[in-house]
Structures are given as structure tokens and as C-alpha cells.
Trainee: 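Have a look at this one.
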2 protein chains.
Amino acid sequence: MQAKDVILGLLKKKDMSGYDIKKRFEEEFSFFFDSSYGSVYPTLKKLESNQYIHKKTLIQEGKPNKHLFSITKKGEELFECYLESEVKRDNIRSDICMRLYFGEFINKKQMLTIIKNTISQNEKTVHQLEHMYTLYGGNMSDTQKISLEIGIEYHKSQLQVLQDGIQKL
Amino acid sequence: MQAKDVILGLLKKKDMSGYDIKKRFEEEFSFFFDSSYGSVYPTLKKLESNQYIHKKTLIQEGKPNKHLFSITKKGEELFECYLESEVKRDNIRSDICMRLYFGEFINKKQMLTIIKNTISQNEKTVHQLEHMYTLYGGNMSDTQKISLEIGIEYHKSQLQVLQDGIQKL
DNA sequence: CTTTACATGTAATCGGTTACATGATTAA
DNA sequence: TTAATCATGTAACCGATTACATGTAAAG
């Protein structure tokens, strides 16, 4: 799964601009995917130059023109290839787990600070994701809800482990 | 958090070879970090050429010589820099969540197969991690245990959501 | 008056993957 | 006899990040 696959999938649902796409990454996708503008725009450019997507320009005043991209038949075929590929296992890089693993090299006070910060960040994320669930849940498909639930439960479980763990230190 | 940080941390605990390090990534680190040989060996080479680590060669018969690396003072300072850097939030790329999100483009039967496969993979991983916990738990620090618990609970929670979810489809 | 949102993009760099190349030993 | 374990490494490529560059409009 890489940026082009996600972008193609989004465009299959609806025409979007690079800016729109990046916003989606920060919202619905925040749990399982992210990518910067420096990845989104070049990816769109490459997809367009290979006719996987097509660009329409909306002239705007006071703002840069908006480039709306739509998926082509060729693009849908490429997305189909992704869907038929084998499902890769989750790829996780957890800096907090790394700090915990090398905890012996950090003094206890600092460790507690790190854990507490992570806890409050996790709390924020859980609230955000739950908010999304109540807001958009009605318009989401069953499987979309499952993906969101995975995100919520991930952060909740991490929160729980950290809260329990901090007691024992 | 990148390969060089993890490697430095491991070498701070104990002298190791590239092969040993990669094995660690597949065991204790499997939940929160992974990296291929094509990353480990070049990273070691770069660290050595900058005097962050030092190489000793163990002559072996019937096998390639083993290169044991140890961390230098300069290397410990570099690792210290990492430990003082701000903790980054977890970086996750979840292909299964992506499939769920774009579930409307997959037929139901295939979707069920995907979910069931993920469930059984998760079960395997939970068993493995729990096995590690019983085996090495005694020799692990409190914070190391927490990091392992985060991994276990992550996979358990995903498992749970998928099992519940599959009922509703 | 400052920040956030809107909106696009490039250049330099980097970190990492994949595939390749080699080969003995041991366990199933 | 086949697969797994031990053990090292390189070359080509790629996907992505960071920092840069620009600018208006609306909201607080």
C-alpha cells in the first residue's frame, strides 16, 4: 500500500484536488496512513502523466486555481491490481515503544514525563476518532466503521497499558 | 526513530553482529520496528566509518567471519541525542484498514476471506508475543514489559474488532 | 493582529526495500 | 534431499520527507 494506491481509491469515489486528498489523510486516514504534500503532489503529477488520472482546472479568484483530478479507466485498472494484491501486514514504527524498550538509559522522572505525555496524546486521539465516528458513522459502510474501530481500539488499548504500567514504576 | 538509533541502542547493551541485530528486529522488536539486511549492513558501515561504532572480526570456519560491533563514546553521545529528542507519535501503515476503508470495491466473499486471514494472523502474533512474555518476561525491565504489552494488546484489540465486525457483515 | 485555512508546487536529500550474489552446516 | 540457520554484503531503485517558495482570505 502506497500513496498512489490510496489516491487512486479516493479518486474512484470522487474527484478531488491534492489539497483535498492531504486533508483526508489527516482525518479519516490518520490512523492507518499519512503522507506529506511533498508526496501527494508529485504522485498526482506522475499518475496524470501516465494517464491514470485526468486533471481539470477550476479557475478561482484570490486563490491559486484548483486542480480537480478524476480517475480514468486505466487508473481504475491499476487500482484493481492493488485490490487483488496480497494484503500486507501492518507496518508500525512506534517511538514510544522504543523509549520503553531502552528505558534503562533514561532516568525515571523523564520516563514518567514521556509516558504521561503519550497518555494525554492518546486520550486526545481517542476523542477525535470517537467524534468522527459519531459525526460520520451514519454515512460509513460497515467495513469503514470496522477500520475506524480498529483505530479507536488501538489507541484505547495503548492508553490502558500505559495507565496500568505507570502505576507499577 | 530510525535504524541507526535502534542499532546504537542495541550495541549499547551488548556487542552484536549485523545478523544478530536483524534477528532481534524479528523477535523483540517485531511489533514496533523492522528493517531489512539491506538497511542494517549499510547502516553499520556508515556508523563505523564515522567512528560511532567499532568492528572486531571473529574468524570462523565454514561460515563467513563474524563482525562484532561495539559502541564507542562518540556513538553513545549520538544515542543520547536520540534519547533527548522529542518522542514521535506512532507511525502506522495498515493495509488491512485500507482494504476495509475501500470495502465497497471488493466483493463480500473476498472481503470475508481477507478478514479471516487477518484474524488468524493476528492470533498467531498474539501467541508469539505472549510466548515471548512468558519466556523472557523474567529478565525484562518494567518498561520493556510495557512495550511488549502494548504490542500484545494492539493485536488483541484488532482481533476483537475484526471478530465482532465479521458477525455484522 | 495573528493564526488558520485555502491552494500549489519543487529540489535536495534520505532512508529503506528488493533483488542479487555466495556458500557451508545442520536438522527434518 | 530439502529447508532452515548461519553469515556477509552491494547495486539499483524508489517512495517519501523536509525545507523552501508564494500568496489571499477569513476568522478569532
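In what follows, chains carry the letters A, B, and so on, assigned in the order in which the sequence lines appear, proteins first and then strands, with residues in each chain numbered from 1.
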Trainee: Could you give the OH-to-C1' distance, from Tyr41(B) to dA19(C), as a whole number of Å?
Mentor: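 Those two atoms, OH and C1', are 16 Å apart.
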Trainee: Indicate yes or no for a side-chain donor-acceptor contact from Lys22(B) to the backbone of Ser35(B) under 3.5 Å, with no hydrogens or angles considered.
Mentor: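 Yes: the side chain of Lys22(B) pairs with the backbone of Ser35(B).
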Trainee: For Leu68(B) and dC6(D), give me the distance from atom CG to atom P, rounded to whole Å.
Mentor: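 Those two atoms, CG and P, are 15 Å apart.
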Trainee: Counting any heavy atom closer than 4.0 Å, what does Lys23(A) reach on the DNA or RNA strands: base, sugar-phosphate only, or nothing?
Mentor: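 Sugar-phosphate, backbone atoms only, no base.
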Trainee: Could you state the atom-to-atom distance from CG of Asn65(B) to C1' of dT8(D) in whole Å?
Mentor: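 After rounding, the gap between these two atoms is 10 Å.
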Trainee: Counting distance only, does the side-chain N/O of Asn65(A) pair as donor-acceptor with the main-chain N or O of Thr57(A) below 3.5 Å?
Mentor: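 Checked: no pair found.
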Trainee: Please determine whether residues Tyr133(A) and Phe32(A) belong to a single hydrophobic cluster, defined as Ile, Leu, Val, Met, Phe, Trp and Tyr linked transitively by side-chain heavy-atom distances below 4.5 Å.
Mentor: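 Not linked; separate clusters.
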Trainee: Assign a letter to each nucleotide of nucleotides 12-28 of chain D from its 5' end: B, base within under 4.0 Å of a protein heavy atom; S, sugar-phosphate only; -, no contact.
Mentor: ---SSBB-----SS---
Trainee: Which heavy atom of Gln158(A) sits nearest to which heavy atom of Ile96(A), and what is that distance?
Mentor: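 The pair with the smallest heavy-atom distance is OE1-CG2, 3.8 Å.
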Trainee: Within the structure, does a side-chain N or O atom of Tyr19(B) lie under 4.0 Å from either OP1 or OP2 of dT8(D)?
Mentor: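 Checking Tyr19(B) against dT8(D): no side-chain N or O falls below 4.0 Å of OP1 or OP2.
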Trainee: How would you list, by chain and number, every residue that makes a side-chain hydrogen bond (donor to acceptor under 3.5 Å, both in side chains) with Asn91(A), sequence neighbours excluded?
Mentor: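 Residues passing side-chain hydrogen bond (donor to acceptor under 3.5 Å, both in side chains) with Asn91(A): none at all.
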Trainee: In whole Å, I'd like the distance from the CG atom of Leu44(A) to the C1' atom of dT10(C).
Mentor: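 Whole-Å distance recorded here is 14 Å.
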Trainee: If we only count heavy atoms from C-beta on, is the Asp164(A) to Glu149(B) side-chain gap below 4.5 Å?
Mentor: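 Asp164(A) does not reach Glu149(B) side chain to side chain.
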Trainee: Rounded to 10°, tell me the angle between the two end axes of the helix from dC1(C)-dG28(D) to dA28(C)-dT1(D), each built from five pairs.
Mentor: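 It works out to 70° between the end axes.
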Trainee: Mind calculating the distance between NZ (Lys22(B)) and P (dC6(D)) to the nearest angstrom?
Mentor: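 The distance from NZ of Lys22(B) to P of dC6(D) comes to 13 Å, rounded to the nearest Å.
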Trainee: Which class fits the ring pair Phe79(B) and Phe105(A): parallel under 30°, tilted 30 to 60°, perpendicular over 60°?
Mentor: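 Perpendicular, since the angle between the ring planes exceeds 60°.
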Trainee: Hydrophobic cluster membership, with links at side-chain heavy-atom distances under 4.5 Å among I/L/V/M/F/W/Y: are Leu148(B) and Ile92(B) in one?
Mentor: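 They do not share one cluster, since no chain of ILVMFWY contacts under 4.5 Å joins Leu148(B) to Ile92(B).
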